[in-house]
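Residue numbers begin at 1 in each chain, while the letters A, B, ... track the order of the sequences.
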There are 2 protein chains.
Amino acid sequence: MVKKMAVLSERQKLVLALLVRDYVETIEPISSGRLVKNYQLDFSSATVRNEMAVLEEKGFLSQPYTSAGRVPTRAGYRYYVRRLMGEDQLPAHIQEMIRHQFYQARHDVDDWLSLSASVLAQHSMGAAIVTQLHTEKARFKHIALLSTRGRQALVVIVLSSGEVHQQTLVLDETLSQEQLSGIASRINQLATGLDVKELKEKEPEQAGSLLKEIFEVVLNTLKGSEVISSGEVYRDGLANMLSEPEFSEPEKAKQTLEIFEDQVMLDDLLSRTVFGSDTPGVHVIIGGEDTWDQLEDTSLILASYGKKDHAMGAVGILGPLRMSYSRGVSTVRFVSDLISELISESMGS
Amino acid sequence: MVKKMAVLSERQKLVLALLVRDYVETIEPISSGRLVKNYQLDFSSATVRNEMAVLEEKGFLSQPYTSAGRVPTRAGYRYYVRRLMGEDQLPAHIQEMIRHQFYQARHDVDDWLSLSASVLAQHSMGAAIVTQLHTEKARFKHIALLSTRGRQALVVIVLSSGEVHQQTLVLDETLSQEQLSGIASRINQLATGLDVKELKEKEPEQAGSLLKEIFEVVLNTLKGSEVISSGEVYRDGLANMLSEPEFSEPEKAKQTLEIFEDQVMLDDLLSRTVFGSDTPGVHVIIGGEDTWDQLEDTSLILASYGKKDHAMGAVGILGPLRMSYSRGVSTVRFVSDLISELISESMGS
DNA sequence: CTTAGCACTCTCAGCAAGAGACTGCTAAAT
DNA sequence: ATTTAGCAGTCTCTTGCTGAGAGTGCTAAG
């Protein structure tokens with residue numbers, strides 16, 4: 001589905017671009033005079049007014065009330081991001097700084113993700129989300145059973161993608177670590193390398209209820225992993241986002257917070273954008289794009305990380321419509337590339 | 001340190017109690033007349049006014065401006081919670097409902113915790129925090145090494161308390177699951193049942209750099225577990241809290257959010273209250289209690305769960321000063337007792 | 001010690017007036 | 001045909017004022 005986009009003259013594009021940039025900084029309706037003065041345009045404010053009127057008619061600008069300055073509409077932001085916004089690189093010294101932080105957490109992959117969230121939050125002045133997830137057709141690789149305390153046991157399942165699932169079980173009776181290890185190695189012998197279908201055939205008929213029970217857990221894990229769903233989600237910078245003036249209205253703040261907390265929404269969003277589309281790179285979702293009503297006043301900048309054929313997760317930031325898109329895009333791109341790089345490096349050749 | 005508390009007449013206590021309750025519901029300054037009318041007091045508004053003046057002088061009430069109604073101060077809330085508030089039980093049908101939810105998640109201990117957060121958030125209309133943590137002197141119990149993908153490996157360490165730690169490592173070379181299992185069982189033979197000190201003596205001199213490296217990880221884990229620190233933290237109901245009118249001022253909202261996000265603060269708070277004190281039960285922290293400046297406009301209701309000698313974690317809710325303390329306390333108490341019960345049950349005899 | 005009565009204080013909503021900020025339009029200039 | 005200066009018109013925002021209402025503190029009587 002390709003949307004028809006109105007054709008704008010060069011000067012109209014210029015006016016729109018300047019207006020968006022200025023508005024993002026000042027959060028105040030921008031007047032024609034201001035634009036001319038601030039950017040030393042070589043045409044007059046009356047001309048700008050005429051162009052603004054056209055831009056308004058095409059739906060890119062709006063006025064809070066008659067004869068106030070203009071404000072970009074959702075469509076205005078979209079046009080700006082897709083056609084007008086230059087693609088800045090993140091300044092070299094900031095790149096260096098971020099790299100440095102990552103190399104310090106060299107040994108723990110989970111740390112990379114939570115660090116990413118923190119870095120994104122910091123550099124975007126907004127809220128950040130980082131997910132783990134799995135899209136590859138899953139095969140069973142390995143299971144470990146660990147006795148923790150009393151009747152509790154921890155089940156850790158590793159899939160061929162490298163993804164790890166775990167779950168605490170409460171058993172019917174207390175079992176020693178040796179007994180659990182025994183069960184685990186039986187399952188490992190039985191199931192290594194199999195996918196869901198193959199696994200189902202091997203299901204033990206009546207081989208002791210516990211073995212069967214744990215087999216069930218494995219099966220469910222594999223089944224569950226066929227759905228695109230983010231596992232653990234790292235969030236950061238909520239406070240940043242809520243200090244944006246647009247969220248001083250409690251209603252909007254609440255709305256946006258619910259998105260931030262709502263895993264289901266997030267999964268839907270990711271599978272329909274970064275993971276659903278075949279164009280790689282950074283995706284910008286502005287005001288819900290007429291698809292997600294709840295996101296009316298929120299924009300997201302998202303990107304996947306990991307290899308194309310088995311993407312491993314997504315990173316992104318979340319902010320008001322009026323956010324610095326160019327800064328955001330370059331930050332998200334840089335971080336997602338960096339994680340991809342670190343991960344592929346750590347996977348050896 | 002026992003604080004001297006002003007002595008109040010019975011009638012003053014009554015006025016304070018009614019005022020707090022009424023204010024919590026209405027969020028409006030309470031006038032003398034209103035109190036008399038609403039609760040059919042058998043003395044006049046003038047009398048109430050006199051009592052209010054006394055209460056104000058003692059620091060329990062304040063006026064937003066000359067001749068408006070009265071509002072409780074932090075000290076007022078404290079006196080109310082410690083001396084005046086009755087201890088309601090959670091209504092039976094709600095207890096039943098919550099129990100039901102928990103029994104549905106019977107098999108996964110982690111689910112209990114995230115469910116607790118959700119239940120607390122729902123029933124308190126505030127934000128909820130649930131932590132895992134460890135206080136017992138830790139001994140090593142078991143380790144598992146799992147090959148995930150390429151050079152990445154997952155280290156899972158179980159301590160004698162039943163606590164589980166895990167970490168992803170990036171190895172120098174790709175190792176097979178068999179090789180990793182071999183290393184794990186060597187460490188298990190070597191270290192099972194030992195504490196930090198004993199473990200240090202057994203440290204392998206030069207037995208292959210990988211074995212040594214993983215041994216380091218075990219050591220650090222044990223060391224780390226001597227500090228009181230919450231592990232994973234479950235949060236819920238943020239949106240609830242931010243829809244409270246007192247947080248419509250962005251500054252306060254931000255302040256409180258930072259607490260919600262700040263792990264260090266939370267650890268400090270917990271170790272100095274629920275885990276630091278020898279009185280068991282529910283702790284109410286009102287407006288930071290002159291100790292935590294950031295909590296000026298926030299109250300917390302906290303309780304630990306698990307057995308006394310090896311407490312396993314804390315649950316709590318977080319809201320504005322003007323929160324329903326009696327409801328909150330009974331909810332937190334019920335949930336923490338319920339988790340304790342479920343856990344001790346699942347630990348067998 | 002309690003209470004009725006009253007003067008006083010302070011907020012809040014409403015209204016009017018003036019200033020300021022921009023726009024839209026028209027007519028002249030390029 | 002396009003651009004621009006000029007100007008009337010529109011809308012917001014601030015300020016000051018007024019009257020109503022709510023609630024207190026004080027005083028003097030019960």
Next on the checklist: Please check this pair: side chain of A/Gln63 against backbone of A/Gly69, looking for a donor-acceptor N/O pair closer than 3.5 Å.
Outcome noted: no
Next on the checklist: Apply side chain to side chain donor-acceptor pair (under 3.5 Å) to residues A/Tyr325 and A/Ser299 and explain how you reach the verdict.
Outcome noted: CA-CA 9 Å; A/Tyr325 290 97; A/Ser299 282; 2.7 Å; yes
Checklist entry - Any side-chain heavy atom of B/Arg322 within less than 4.5 Å of one from B/Ile27? => result yes
Item to check | Min side-chain heavy-atom separation B/Tyr79-B/Lys58 under 4.5 Å | outcome: no
Next on the checklist: For B/Phe260, does the six-membered ring have the charged nitrogen or CZ of B/Arg235 within the cation-pi criterion, i.e. under 6.0 angstrom from the centroid and within 45° of the normal?
Outcome noted: yes
Item to check | Upstream residue (5' side of DNA chain C) when B/Glu51 and B/Tyr65 are each assigned their closest nucleotide | outcome: B/Glu51
Item to check | Rounded distance in Å - CZ (B/Phe43) to C1' (C/dA4) | outcome: 17 Å
Item to check | Distance in angstrom units between A/Leu41 CG and D/dT3 C1', rounded | outcome: 14 Å
Next on the checklist: Generate the contact string for nucleotides 17-28 of chain C. Rules: B means base contact, S means sugar-phosphate contact only, - means no protein heavy atom under 4.0 Å.
Outcome noted: -----BBB----
